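As the structure is a computational prediction, the values presented were derived from the model and not from experiment. Below, chain A is the first sequence line, B the second, and so on; all start at residue 1.
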There are 2 protein chains.
Amino acid sequence: MVYDYAGMVALADPTRRKVFELVAEGPRSVANLARILPVSQPAISHHLKVLREARLVRAEPRGASNIYHVDPHGLGEMRAWLDQMWGNALDAFRNEINKAKERKE
Amino acid sequence: MVYDYAGMVALADPTRRKVFELVAEGPRSVANLARILPVSQPAISHHLKVLREARLVRAEPRGASNIYHVDPHGLGEMRAWLDQMWGNALDAFRNEINKAKERKE
DNA sequence: GTTTATCATAAGCCATGGTTTATGATTATG
DNA sequence: CATAATCATAAACCATGGCTTATGATAAAC
């Protein structure tokens with residue numbers, strides 16, 4: 001699996017996570033996000049850039065505005081990694097149980 | 001949903017993520033992790049503390065050693081959040097498509 | 001054409017946090 | 001009992017990165 005963890009890094013910051021969650025609810029412009037959140041417009045733009053590079057959102061120019069949408073790609077990659085970890089965790093449990101059994105036998 | 005995002009913050013750091021991935025493969029002691037990874041033992045201990053507080057791992061004392069195991073709890077919380085975001089993303093797409101249709105009608 | 005709105009980038013500031021060294025506590029070993 | 005091994009915590013250092021202000025570029029509005 002090729003996962004560069006960009007999604008995790010992107011979503012670790014509270015403000016950036018909030019930006020993402022808002023965009024995930026529905027398409028929003030930069031100005032709209034800047035009005036809602038208690039940070040400057042450049043801060044929003046920077047966060048969106050990080051989210052864009054992590055393929056968590058994508059931009060769609062509309063006149064002078066830039067409308068941001070969710071990009072399923074980034075979420076999908078994260079989910080794949082998470083599922084693999086989940087599988088490993090279950091395997092680890094199985095091994096522990098087996099070892100415990102062997103010790104008893 | 002009550003999710004404090006501790007898991008995301010914990011897994012955003014590369015070394016800490018590596019620690020977690022190693023523990024996810026199977027139980028390991030602090031000393032063992034310190035031997036494998038290119039950081040000091042206190043660094044490992046600190047990372048494990050963060051992972052512990054995020055309920056991603058749990059410790060089990062065994063003599064002078066401390067064996068760390070995966071804790072499914074943290075991964076489960078992350079997955080729940082991820083699934084909700086995934087749902088929102090799909091809903092957003094549906095809404096966009098519907099709006100596009102309405103504009104055409 | 002002038003003004004207003006939207007947005008991205010750059011520069012600089014500063015807090016957060018990841019790291020190391022130092023240390024003490026606990027447990028195994030001899 | 002003495003030594004060695006394992007681990008957690010504290011203090012201090014410093015790079016990373018999130019934020020603001022400043023600025024320019026593009027597009028809408030008047």
Atom pair distance, as rounded to whole Å: [atom1] in [X] and [atom2] in [N]:
X	N	atom1	atom2	value
Arg17(B)	dG17(C)	CZ	C1'	15 Å
Leu51(B)	dG17(C)	CG	C1'	14 Å
Phe20(B)	dG18(C)	CZ	C1'	20 Å
Asp13(B)	dG17(C)	CG	P	11 Å
Glu60(B)	dT6(D)	CD	P	18 Å

Separation between [atom1] of [X] and [atom2] of [Y], rounded to the nearest 0.5 Å:
X	Y	atom1	atom2	answer
Arg58(A)	His73(A)	CZ	NE2	13.0 Å
Met8(B)	Glu77(B)	CE	CD	10.5 Å
Leu33(A)	Phe20(A)	CG	CZ	12.5 Å
Trp81(B)	Leu75(A)	CH2	CG	6.5 Å
Leu82(B)	Met85(B)	CG	CE	9.0 Å
Asn88(A)	Glu21(B)	CG	CD	8.5 Å

Looking at Arg79(B) and Asp83(A), does any basic side-chain N land under 4.0 Å from a carboxylate oxygen? yes
For a quick check, with a 4.0 angstrom heavy-atom cut-off, what is the B/S/- contact string for nucleotides 24-30 of chain C, read 5' to 3'? ---SS--
Using the side-chain heavy atoms of Val39(A), tell me which of these nucleotides is nearest: dT21(C), dG18(C), dT20(D). dT20(D)
The side chain to side chain contact (heavy atoms under 4.5 Å, CB included) partners of Ala31(B) (sequence neighbours excluded) come to Ser29(B), Arg35(B)
Closest approach of Trp86(A) to Pro72(B) (non-hydrogen atoms, all atoms of both residues): CZ3-O, 3.6 Å
Between Ser40(A) and Val9(A), which has a closest nucleotide on DNA chain D that is more 5'? Val9(A)
Within the pair His47(A) and dG17(D), is there a side-chain N or O less than 4.0 Å away from OP1 or OP2? no
OP1 or OP2 of dT6(D) less than 4.0 angstrom from a side-chain nitrogen or oxygen of Arg35(B), does that happen here? yes
Dump every N/O contact between nucleotides 8-12 of chain C and the protein below 3.5 Å, one line per pair.
residue: dA8(C); atom: OP1; partner: Asn66(A); partner atom: ND2; Å: 2.9
residue: dA8(C); atom: OP1; partner: Tyr68(A); partner atom: OH; Å: 2.7
residue: dA8(C); atom: OP2; partner: Ser45(A); partner atom: OG; Å: 2.5
residue: dA8(C); atom: N7; partner: Gln41(A); partner atom: NE2; Å: 2.8
residue: dA8(C); atom: N6; partner: Gln41(A); partner atom: OE1; Å: 3.3

